[in-house]
Q: 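Before anything else, here's the structure in question.
Numbered from 1 within each chain, the chains take letters A, B, ... in sequence-line order. None of these values were measured; they are calculated from a predicted model. Only this structure's heavy atoms are used, side chains among them; waters, hydrogens and symmetry mates stay out.
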There are 2 protein chains.
Amino acid sequence: MPAASLDSSEHRSGPLLDHLARRMRLRSESVLSPLGLRPRHLVALTVLRDGGGTSQQALARTLAMDGTNIVGLLNDLESMQLVQRRRSAADRRRHVVELTDDGAKRLSEAECAIAAVENEVLGALEPDDREKLYLLLRQAASGTTVACEAVILEDTSPVDGR
Amino acid sequence: MPAASLDSSEHRSGPLLDHLARRMRLRSESVLSPLGLRPRHLVALTVLRDGGGTSQQALARTLAMDGTNIVGLLNDLESMQLVQRRRSAADRRRHVVELTDDGAKRLSEAECAIAAVENEVLGALEPDDREKLYLLLRQAASGTTVACEAVILEDTSPVDGR
DNA sequence: TATTGTTATACTCTATAACTATA
DNA sequence: TATAGTTATAGAGTATAACAATA
């Protein structure tokens with residue numbers, strides 16, 4: 001088996017990931033600011049779109065952020081009407097957080113805006129390799145984002161969506 | 001078929017990169033703290049090992065950090081005797097920063113320590129895919145890390161690039 | 001009693017400005 | 001004058017603790 005190389009102390013992706021994410025985030029900021037968004041807003045919106053409605057705590061686990069900071073993050077997004085909070089009927093302590101139509105639209109615009117940044121930061125990769133990278137990251141993230149599982153929401157699902 | 005998809009507004013690696021790097025960094029902290037290191041120390045040590053000695057400004061560009069913060073970062077590493085600062089003979093304004101033997105050793109230990117974290121965060125990927133991811137990240141980073149080129153150090157040159 | 005969301009607050013990270021020493 | 005490094009400091013990001021509402 002080709003396995004052993006993974007244990008090598010020289011093939012660590014962690015620092016590389018950190019390095020690239022940092023560059024991407026810094027450049028993204030200037031591109032996103034005209035849209036009133038910050039990189040972390042984009043991550044949150046993406047998770048909400050892909051994972052569906054969740055409680056704030058589930059969102060906190062998925063984003064690996066402290067729950068107390070989710071409050072401010074959602075306040076930002078809700079004040080821009082990109083996200084909607086409503087009480088869960090099944091457990092009135094919970095807020096069910098969902099992307100609004102405006103939120104989906106803004107997210108789409110933002111993704112378009114940062115395409116240029118990606119082309120720049122990932123410029124050393126051929127288009128094919130960039131696609132491979134995307135798929136690998138996607139798969140890796142799907143493994144860590146399982147936190148959404150925690151709250152499948154209420155059975156009722158009277159989700160009206162403004 | 002696979003070509004044009006890159007322009008699609010739905011294949012954005014940025015938020016994924018951010019997401020995964022964040023999880024990796026958070027988990028790494030607890031694993032690295034026994035070694036007296038923080039994730040950003042690891043990134044700096046890695047760059048210094050792979051790129052050779054550089055000036056502090058070149059390091060700042062490579063790490064995409066403000067030069068003023070490099071000072072504190074290097075103070076940390078130098079107080080642990082993991083890096084060495086010495087004046088450049090060619091330009092006495094510059095410090096040439098290099099990894100010490102202790103630094104290389106500590107870096108190696110740290111890489112070993114975070115292997116477990118990587119296995120956890122990238123657990124959704126098969127070993128083969130993890131290796132592919134590493135190679136892609138490495139290639140992408142080599143493209144953005146060119147900053148090191150700026151200062152090839154003293155004895156040689158009048159390297160007044162840019 | 002335990003959990004969800006909220007507020008207040010302290011700690012860390014990062015960037016801006018001013019200073020020095022060299023060029 | 002311009003550049004490399006340093007210091008001081010203000011702003012943003014993040015975590016900890018205490019509280020109200022609900023389970």
Side-chain angles (χ1 to χ4, degrees), chain A residues 18 21-23 25-30 32-33 37-44 53-79 83-97 147 150-151 153-154, chain B residues 18 21-23 25-30 32-33 37-44 53-79 83-97 147 150-151 153-154 157-162:
Chain A
D18 213 336
R22 182 185 182 83
R23 298 190 85 90
R25 182 165 36 78
L26 287 174
R27 306 239 188 184
S28 296
E29 272 172 14
S30 54
L32 291 177
S33 67
L37 297 176
R38 288 186 158 284
R40 102 184 57 87
H41 293 140
L42 198 54
V43 178
T54 55
S55 74
Q56 294 187 192
Q57 280 214 351
L59 189 60
R61 282 191 295 272
T62 299
L63 296 177
M65 284 180 63
D66 193 280
T68 62
N69 299 318
I70 295 291
V71 177
L73 183 65
L74 291 179
N75 287 348
D76 292 346
L77 296 174
E78 199 172 33
S79 72
V83 153
Q84 180 191 24
R85 271 191 272 216
R86 58 184 173 80
R87 285 283 167 192
S88 163
D91 184 343
R92 296 192 51 73
R93 291 173 303 184
R94 286 177 180 164
H95 276 162
V96 176
V97 184
V151 176
L153 302 196
E154 51 228 84
Chain B
D18 213 336
R22 181 185 182 83
R23 300 190 83 91
R25 180 165 36 79
L26 287 174
R27 306 240 187 185
S28 296
E29 272 172 15
S30 54
L32 292 176
S33 68
L37 297 175
R38 289 185 157 284
R40 101 183 59 85
H41 294 140
L42 197 56
V43 178
T54 56
S55 71
Q56 296 186 192
Q57 280 213 351
L59 190 60
R61 282 191 295 271
T62 299
L63 296 177
M65 284 179 65
D66 193 279
T68 61
N69 299 318
I70 295 291
V71 177
L73 183 64
L74 291 179
N75 287 348
D76 293 344
L77 296 174
E78 199 172 34
S79 72
V83 303
Q84 181 190 21
R85 271 191 272 215
R86 57 184 174 80
R87 285 281 168 193
S88 163
D91 183 342
R92 295 193 51 72
R93 292 173 302 183
R94 286 179 180 163
H95 276 161
V96 177
V97 184
V151 176
L153 300 196
E154 55 218 61
S157 49
V159 182
D160 285 327
R162 38 177 23 191

Q: Roughly how many Å is it from CD in A:E29 to C1' in C:dA15, rounded to a whole number?
A: 11 Å
Q: For B:L63 and C:dC13, what is the distance between atoms CG and P respectively, to the nearest whole Å?
A: 15 Å
Q: Taking B:P39's backbone N and O only, do any of them form a donor-acceptor pair with B:R25's side chain (distance below 3.5 Å, no angle check)?
A: no
Q: Determine whether B:T54 and B:V96 make a side-chain contact, defined as any pair of heavy atoms from C-beta on separated by less than 4.5 Å.
A: no
Q: Could you list by number each residue of residues 69-78 of chain B showing a heavy-atom separation from DNA chain C of less than 4.0 Å, or answer none if no residue does?
A: B:N69
Q: Would you kindly give the CG-to-C1' distance between A:D66 and C:dA8, to the nearest whole Å?
A: 13 Å
Q: Measure from CZ on B:R94 to C1' on C:dA21 and round the result to the nearest Å.
A: 15 Å
Q: In whole angstrom, what separates B:R61's CZ from D:dA4's P?
A: 7 Å
Q: So do the side chains of A:L42 and B:D18 get within less than 4.5 Å of each other, counting heavy atoms only?
A: no
Q: On DNA chain D, nearest-nucleotide positions of B:Q57 versus B:R22: which is more 5'?
A: B:Q57
Q: What is the distance from CZ of B:R25 to C1' of D:dA15, rounded to the nearest Å?
A: 13 Å
Q: Can you check whether A:L32 reaches A:R38 side chain to side chain, under 4.5 Å on heavy atoms?
A: no
Q: Please tell me if the side chains of A:H95 and A:R86 come closer than 4.5 Å, counting only heavy atoms from C-beta onward.
A: no
Q: If I take atom NE2 in residue B:H95 and atom C1' in nucleotide C:dA23, what distance separates them, rounded to the nearest angstrom?
A: 15 Å
Q: Please check if the side chain of B:R22 supplies one atom and the backbone of A:A64 the other of a donor-acceptor pair under 3.5 Å.
A: yes
Q: Under the rule for salt bridge (Lys or Arg N to Asp or Glu O under 4.0 Å), what residues qualify as partners of A:R92, not counting sequence neighbours?
A: none
Q: Extract from the structure each pairing of a protein N or O with an N or O of nucleotides 18-23 of chain D at less than 3.5 Å, listing the distance.
A:
| from | atom 1 | to | atom 2 | distance (Å) |
| --- | --- | --- | --- | --- |
| D:dA23 | OP1 | A:R92 | N | 3.1 |

Q: Rounded to whole angstrom units, what separation is found between the CE atom of B:M65 and the C1' atom of C:dT12?
A: 12 Å
Q: So which one's nearest nucleotide on DNA chain C is more toward 5', B:R40 or A:G67?
A: A:G67
Q: Using OP1 and OP2 only, check whether a side-chain N or O of B:R85 sits under 4.0 Å from D:dT6.
A: yes
Q: For B:R85 and B:Q56, which I'm curious about, is there any donor-acceptor pair between the side chains at under 3.5 Å?
A: yes
Q: Is a side-chain N or O of A:R87 found less than 3.5 angstrom from the main chain of A:R93, in a donor-acceptor match?
A: yes
